[in-house]
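All values below come from the heavy atoms of this structure, side chains included, with hydrogens, waters and symmetry mates left out. Atoms within each ligand, like the ligands themselves, are counted from 1 in listed order.
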Amino acid sequence: MTDKHWQSAFKIVERLREAGFEAVIVGGAVRDRLMGLPAHDVDVATAALPEEVKSIFPKTADVGIAHGTVMVLDPAPPVEVTTYRTEGTYTDHRRPDHVEYVTSLKEDLRRRDFTMNAIAIRGDDTLYDPFGGVEDIRRGIIRAVGNPDERFGEDALRMLRAVRFAAKTGFEIAPATKAAIARHAESICHVSVERVKMEMDKIWTSGRAGLAAQLMAETGLARHLPLMGQAFSSENLGIWQLFGEPMQPVEGWALLYRLAGEPDGNPYKLSNAEKRSVRDILDACRISLERPYSRMDAYRHPETALIAGARLANLTGKAAEQDDPGAISRMKKSLPISSLRDLAITGNDLIKWSGKKGGPWVKEWLANIEEAVVIGDLNNTREDIKGWFLNGDESEGQR
Ligand code: ATP
Ligand code: MG
């Protein structure tokens, strides 16, 4: 997010105004700007209908046309422009599948979740804040717009968003809003796993996962989400307090699995890459609990997994490996090779030097050479490896 996004958004607001349509900047970007934080995306809301937006701007993409959103590509960088709307009927505590366009900005802001997310900036840079969002930001309060019971009844994800914003900002959830979350906690199970996962990813990296865990336990949200009741039990809350700000969200999932047990399936639909990373971290964690990392451990596991694994081991048990990312990085960097491809020789060299036919022995020998190089017994040069291979043929080769 850069000033360019803001400039682009202001230009779009101006052009819509010239074409006779009210338009403002809304949503998270306004909140983040008022808090002095960098925003991710600057959104524009307008009284113009999607078709009208498309006729005003030469280059657009239909990113969310069903919800009234058109992506304006020129001026660049792209900005999402959404027609003022309310949301239709809610079934099953999920987002509605259709929307109704309205002409009043206030009506559009009314359907938004929290007062701090219901502030608009006009083209002349003045604020429109009918629900007291600025004051709530000043006081550090997350408050539902309107009646919290109704709002959480409409879309249960908002409860988790409240927790996520609390974790991101350190703000307090207003007592009436929090009490309503406790009353509606059970309905979180109707929200799609994908949406829950997105919120949790942001919670893990917020720097205040401990606060989120406590809020989820207190309000009962945790009990209605897979693994979280167990992972956020009172004896585990202290661990989440110390969890701090991890490098990547997978560390949060790894800690969740470590505390609640690895699930049989994939309840949060982690991607294959994420599953792999979580597995790597948990493997490294298990090693850390047993012994300090050996050079072979450092060689076999990705650096991020070694660091995260040592961290989790120290957080959750009596670790043998110290939680010292610098030392782990240095050990990883000091390795003479980082994969078999870095060896100065190949299997073909071994076949040539031995005069034997290829077979499973080649792979075994490569593994021996690889290990000897990694642990520092053998230099990674053709001459040294050849000597070691030919002389050690009877003795060491049989290891
Ligand atoms: P982020 O910093 O994660 O982008 P955000 O507040 O911008 O946070 P978005 O999901 O980008 O969140 O949504 C943009 C705006 O749309 C929000 O600021 C809020 O006004 C509104 N909004 C988003 N999700 C909901 C929801 N579930 N219920 C009501 N309003 C919502
Ligand atoms: Mg946003």
For Asp113, run the salt bridge (charged side-chain N to carboxylate O under 4.0 Å, His left out) check against Arg151, Arg161, Arg158, Arg143 and tell me which one passes.
Arg161
Of Val26, Val24, Val53, the residue whose pairing with Thr46 passes side-chain contact (heavy atoms from CB on, under 4.5 Å):
Val53
Does Leu157 come within less than 4.0 angstrom of ligand 1, counting non-hydrogen atoms of the residue?
no
Close-contact set for ligand 1 against Asp113 heavy atoms, below 4.0 Å
19 (C), 25 (C), 28 (N), 29 (C), 30 (N), 31 (C)
Close approach, Arg151 and ligand 1, non-hydrogen under 4.0 angstrom:
no
Distance under 4.0 Å to a non-hydrogen atom of Lys202: what atoms of ligand 1 satisfy this?
3 (O)
For ligand 1 and Ala29, I'd like to know whether there is a polar contact (N/O to N/O, distance under 3.5 Å).
no
Counting heavy atoms only, which part of Asp155 comes closer than 4.0 Å to ligand 1: side chain, backbone, both or neither?
side chain
So which of Lys275, Arg286, Arg279 actually passes salt bridge (charged side-chain N to carboxylate O under 4.0 Å, His left out) with Glu262?
Arg286
Mode of Arg164 contact toward ligand 1 - side chain, backbone, both, neither (heavy atoms, under 4.0 Å):
side chain
Measuring from Arg164:CZ to Asp201:CG, what's the distance to the nearest 0.5 Å?
11.0 Å
Atom pair CG/CZ of Asn236 and Phe243 - distance to nearest 0.5 Å:
13.0 Å
Metal proximity, Asp41 vs the Mg ion (ligand 2), N/O/S cut-off 2.8 Å:
yes
What residue pairs, at least two apart or across chains, pass salt bridge (charged side-chain N to carboxylate O under 4.0 Å, His left out) with a residue in residues 345-354?
Asp349-Lys352, Asp349-Arg382
Could you check which of Arg31, Glu154, Arg161 puts a non-hydrogen atom nearest to atom 23 (C) of ligand 1?
Arg161
In ligand 1, the atoms that come under 4.0 Å of a heavy atom of Arg111 are 29 (C), 30 (N)
Can you list the atoms of ligand 1 that are under 4.0 Å from a heavy atom of Gly27?
18 (O)
Parallel under 30°, tilted from 30 to 60°, perpendicular over 60°: which one fits the rings of Phe389 and Trp365?
perpendicular
By number and element, which atoms of ligand 1 are closer than 4.0 Å to a non-hydrogen atom of Phe165?
6 (O)
Name every donor-acceptor pair, under 3.5 Å, that has one atom in a side chain of residues 30-38 and the other anywhere in the protein, sequence neighbours excluded.
unit_1	atom_1	unit_2	atom_2	d
Arg31	NH1	Asn117	OD1	2.7
Arg33	NH2	Asp125	OD1	2.6

